[in-house]
2 protein chains.
Amino acid sequence: MIDKCLCKLISEEEIDKILGQLPTDDTIAKLAEFFKVFGDPSRLKLLYFLSRSELCVADLASLAKMGQSAVSHQLKTLRLSRFVKTRKEGTVVYYSLEDMHIQSLFDVALEHIGEEV
Amino acid sequence: MIDKCLCKLISEEEIDKILGQLPTDDTIAKLAEFFKVFGDPSRLKLLYFLSRSELCVADLASLAKMGQSAVSHQLKTLRLSRFVKTRKEGTVVYYSLEDMHIQSLFDVALEHIGEEV
DNA sequence: CTCCTATATGAATGTATGTTCATGTATAGG
DNA sequence: CCTATACATGAACATACATTCATATAGGAG
């Protein structure tokens with residue numbers, strides 16, 4: 001854990017300042033959880049479809065070419081992280097996006113990987 | 001895979017349009033890889049420190065309270081996904097951010113999880 | 001009440017991933 | 001050369017995670 005070096009590119013005061021402004025472990029953990037949700041192709045697909053239309057579970061499974069159970073599990077993840085919301089109608093559960101920041105996230109990511117959508 | 005329902009909330013034409021505009025599997029995979037990099041607390045910490053200063057491996061390990069090997073492994077991940085770049089000086093390797101979109105990513109994420117940095 | 005459909009969920013399984021440990025490589029100093 | 005330092009890397013291990021399978025729940029149709 002304790003490595004030498006201390007390259008002295010920056011001063012002690014600067015180090016203290018950087019450490020002082022370091023987000024708490026809790027905030028960092030939440031940030032990681034946030035991004036982890038987007039780190040799976042299946043979830044990204046589901047989010048894409050939901051960005052285009054409110055959809056029920058079966059239709060999401062059909063569009064994403066995934067099993068119903070897999071979709072349901074992933075939607076649970078998306079629900080718990082508050083990216084999607086649900087509306088129930090009889091036995092059908094309709095999912096839609098809760099958070100509209102998603103598109104801007106994708107924009108930054110696509111720019112980085114150099115794709116023109 | 002083939003589930004029933006077809007809730008008909010949207011028309012066939014709309015479905016075709018949505019499927020037609022679906023990014024390729026390759027693009028989706030790259031997007032997921034992009035976000036996966038941010039889905040780990042250790043890497044987030046390292047990126048935070050690098051967003052404040054160019055730093056060598058040992059100092060990063062010291063700041064992040066991580067082992068040198070762990071830091072080196074994670075820096076490799078960050079290098080391969082082109083988030084950081086290196087500069088060598090003797091035996092010391094200095095890392096710095098390659099990509100400046102990172103801060104805007106964090107802003108969106110922090111807004112979502114409801115933290116005031 | 002009974003059956004069917006839509007969805008959720010728990011257990012099991014295979015795979016991916018982060019850290020550690022041991023070691024390899026490269027460079028500076030004596 | 002020889003040694004020490006800085007960093008990289010491969011194997012091993014433990015954990016996390018995505019999917020599947022089987023089953024549970026809940027609501028509508030008859």
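Throughout, protein chains are lettered first and strands after them, A, B, ... in sequence-line order, and every chain is numbered starting at 1.
The nearest whole Å value for the distance from the CG atom in B:Leu78 to the C1' atom in C:dT17 is 14 Å. Rounded to a whole Å, the OH atom of A:Tyr94 is 13 Å from the C1' atom of C:dT7. Summarising the geometry, the separation between CG on A:Asp59 and C1' on C:dA6 is reported as 11 Å, rounded to the nearest angstrom. Going from atom CZ of B:Arg43 over to atom C1' of C:dG18 covers 8 Å, rounded to whole Å. Remark: C1' of D:dT20 and CD of A:Gln74 are 13 Å apart, rounded to the nearest angstrom. One interatomic measurement links the two molecules: CG of B:Leu46 to P of C:dG18, which rounds to 12 Å at whole-angstrom precision. The NZ atom of B:Lys76 sits 10 Å away from the P atom of D:dA8 (whole-angstrom rounding). Atom-to-atom, CG of B:Leu75 to C1' of D:dA6 comes out at 13 Å; the value is rounded to the nearest Å.
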Sequence-aligned protein contact record of nucleotides 22-30 of chain C, with B where the base is within under 4.0 Å of a protein heavy atom and S where only the sugar-phosphate is:
B----BS--
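Within the structure, no pair that satisfies the ring-ring contact (aromatic ring centres under 6.0 Å, His included) test touches residues 59-79 of chain A, not counting sequence neighbours.
The side chain to side chain donor-acceptor pair (under 3.5 Å) test applied to B:Glu98 returns no partner, not counting sequence neighbours. Evaluation of the side chain to side chain donor-acceptor pair (under 3.5 Å) rule for A:Arg79 yields A:Tyr95 as partners, not counting sequence neighbours. Partners of B:Glu89 by side chain to side chain donor-acceptor pair (under 3.5 Å), not counting sequence neighbours, listed by chain and number: B:Arg87.
Proximity note for B:Val92 (side chain, C-beta onward) versus C:dA8, D:dC7, C:dT19: the nearest is D:dC7.
Proximity of residues 32-42 of chain A to DNA chain D (heavy atom under 4.0 angstrom from any strand atom) is restricted to A:Lys36, A:Asp40, A:Ser42.
The shortest side-chain heavy-atom distance between B:Ile18 and A:Ser53 falls under the 4.5 Å cut-off. For the pair B:Val84/B:Leu47, a side-chain contact is recorded, criterion being any heavy-atom separation below 4.5 Å from C-beta on.
Side-chain N/O atoms of A:Ser72 and A:Ser69 include no donor and acceptor closer than 3.5 Å.
Side-chain N/O atoms of B:Tyr95 include none lying less than 4.0 angstrom from OP1 or OP2 on D:dA6.
A salt bridge is defined here as a Lys NZ or Arg NE, NH1 or NH2 lying under 4.0 Å from an Asp or Glu carboxylate O, and B:Lys36 with B:Glu33 meets this definition.
Under 3.5 Å, the side chain of A:His73 and the base of C:dT7 form no donor-acceptor pair of N or O atoms.
In this structure, B:Phe83 has its ring center closer than 6.0 angstrom to the ring center of B:Phe38.
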